[in-house]
Amino acid sequence: MRTHLTTSPDEAASYIRRGRIVAFPTETVYGLGADARRVAAVRSIFDAKGRPSDNPLIVHIADPAQAAELAACIPPAARTLMDAFWPGPLTVILPKSDAVPSLVTAGLDTVGVRCPGHAVATAFLRSCQAPVAAPSANRSGRPSPTTWEAVREDLGGRIPCILKGGRTEAGLESTVVDCTEAVPVVLRPGAIPEEALADALPEIGVEPPGGDAAAKSPGTRHRHYAPRARVTLVAEPGEAVASADAAYIGLRAPDEPESFATVRIAPSVEAYAHDLFHFFRACDREEAAVICAQLVPEDGLGRALNDRLRRAAAG
Ligand code: TXA
Ligand code: MG
């Protein structure tokens, strides 16, 4: 299959309207979308990615009001979060309506809904005239794509169209909050830090790592975000072991930066998150054998960044 590249949201949306799949940019990472109501199109997403069918997809909408069609009901706490963070990198898990095929939700009676805060994504979604089911646009298990080139690297020849946008701003995925229980719970830390969620909704809870989240959010069970290189985590830059085929990424420099093949010092946790998956892919192209990555303080965006680092290292 030839993969067509376009910068036109309308042209990309015409593929969705014809029942085909398209990769598109958002503020977090690139997604691989299909009309959520068309089962055959949704099935092609799982095929193109090699995604396990027990892992549900997030449904993307252009306008917050569209959530009402996808959800059986919108609990007050969900409404509070949607009002506070949409459009933006928040995914809310809601009881699903009959409008959502069970293939999208991997058989769950809930649906993840997100209204991205990204001008190109919004123009595309609006032009699709449909809710768009979309996981990240990487081959299953690989780091999420933060550029259209990364999408092409993983899915070129396997999907009909990529909507080209710039490099994504956040660099890691949306925060997923389960709003189906009395107390909303963060299932996946992401681009919106828990502190910000708690400002809007003080009673919000957080799943402890290894807790119930794995059962509720099937995606967190799977191997994720992994480059081909082995990822080793260090608390302090001095612990990183240099070699000619090792790369290093962190907030502070390692002891002998010149002894690493590649070194990336991020000026902030935000910049580190923005760069992480991009760096992983660059390391793969340079055939690094090891990536030493510095863990960051466990607060704010640092929780989501450490989560991705730990998953990459667990591969
Ligand atoms: O930022 C993002 O969220 C990106 C962009 C493209 O929107 N999307 C993304 O999708 O990261 P994906 O499929 O790579 O990750 C979605 C996560 C998975 O862990 C999945 O299990 C979880 O959300 N999820 C989706 N629907 C769910 C549901 N109904 N209940 C629980 N977890 C759900
Ligand atoms: Mg993903």
Side-chain angles (χ1 to χ4, degrees), residues 21-34 36 42 45-46 49-61 70-72 78 85-97 100-118 120-122 124-125 131-146 150-151 154-155 163 165 168-181 184-192 207 212-226 273 277 304 307-308 311-312:
I21 60 178
V22 174
F24 63 99
T26 78
E27 76 277 44
T28 56
V29 300
Y30 277 70
L32 178 61
V42 173
I45 292 179
F46 286 91
K49 279 187 61 110
R51 183 177 177 100
S53 58
D54 65 351
N55 196 358
L57 309 181
I58 295 170
V59 181
H60 297 68
I61 51 181
L70 305 169
F85 297 103
W86 278 2
L90 169 74
T91 298
V92 290
I93 308 295
L94 301 167
K96 87 172 194 65
S97 77
V100 184
S102 65
L103 183 65
V104 171
T105 65
L108 298 175
D109 54 10
T110 58
V111 60
V113 185
R114 166 156 133 74
C115 179
H118 185 276
V120 176
T122 303
F124 165 72
L125 292 169
V132 171
S136 49
N138 49 281
R139 288 298 286 267
S140 202
R142 297 270 299 146
S144 296
T146 56
V151 176
D154 274 20
L155 297 175
L163 174 55
T168 62
E169 191 184 320
L172 46 77
E173 303 83 351
S174 64
T175 304
V176 178
V177 182
D178 180 6
C179 295
T180 62
E181 306 285 336
V185 173
V186 176
L187 296 183
R188 178 179 73 180
I192 299 178
E207 283 291 343
D212 225 17
K216 286 197 194 125
S217 189
T220 57
R221 272 200 303 265
H222 295 284
R223 180 185 144 97
H224 256 96
Y225 317 119
F277 293 150
D307 171 76
R308 304 307 188 268
R311 286 176 198 284

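Hydrogens, waters and symmetry mates are skipped; everything else that's a heavy atom, side chains included, is used. Every number for a ligand or one of its atoms is a count from 1 in the order of the listing. All figures in this text were calculated on a predicted structure; none of them were measured in a lab.
For ligand 1, one of its N or O atoms has an N or O atom of Arg188 under 3.5 Å away. Taking any N or O of Glu173, backbone or side chain, none lies under 3.5 Å from an N or O belonging to ligand 1. Between Arg114 and ligand 1, at least one N/O pair is under 3.5 Å apart. Between Tyr30 and ligand 1, not a single N/O pair is under 3.5 Å apart. The N/O atoms of His60, backbone and side chain alike, include one that comes under 3.5 Å of an N/O atom in ligand 1.
The closest non-hydrogen atom to atom 28 (C) of ligand 1, taken over Leu172, Thr175, Leu32, Ile93, comes from Ile93.
Ser136 contributes no side-chain N or O that, together with a main-chain N or O of Asn138, makes up a donor-acceptor pair within less than 3.5 Å. Listed for the Lys49 side chain is no donor-acceptor partner under 3.5 Å among the backbone atoms of Leu32. In this structure, the side chain of Tyr30 does not engage the main chain of Ala150 through any donor-acceptor pair within 3.5 Å.
Under a 4.0 Å N-O distance rule, the pair Glu27/Arg114 qualifies as a salt bridge. Salt bridge present: Arg142 and Asp154 bring a charged side-chain N and a carboxylate O closer than 4.0 Å.
Arg188 and Ser174 share a donor-acceptor pair across their side chains, judged by distance under 3.5 Å alone. If you check the side chains of Thr146 and Thr168, you find no donor sitting under 3.5 Å from an acceptor.
Taking the side chain as every heavy atom from C-beta outward, Phe85 and Thr175 never approach each other to under 4.5 Å.
Only the side chain of Asn55 comes within contact range of ligand 1, with a heavy atom under 4.0 Å; no backbone atom does. Contacts of His118 with ligand 1, taken as heavy-atom pairs under 4.0 Å, are absent altogether.
Close approach of ligand 1 to Pro135 (heavy-atom distance below 4.0 Å) involves ligand atoms 10 (O), 12 (P), 13 (O). For ligand 1, the atoms closer than 4.0 angstrom to any heavy atom of Leu108 are 28 (C), 29 (N), 30 (N). Of all atoms in ligand 1, numbered sequentially from 1 with element shown, those under 4.0 Å from a heavy atom of Pro56 are 20 (C), 21 (O), 24 (N), 25 (C), 26 (N), 27 (C), 28 (C), 33 (C). Of all atoms in ligand 1, listed by their number and element, those nearer than 4.0 Å to a heavy atom of Gly31 are 6 (C).
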Note to self: Checking Glu181 against Val185 for the side chain to side chain contact (heavy atoms under 4.5 Å, CB included) test, could you report, in this order, the C-alpha distance in whole Å, the side-chain angles of both residues, the deciding distance, and whether it holds?
What the structure shows: CA-CA 8 Å; Glu181 306 285 336; Val185 173; 5.8 Å; no
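Residue contact annotation: Asn138 places no N/O/S atom under 2.8 Å from the Mg ion (ligand 2).
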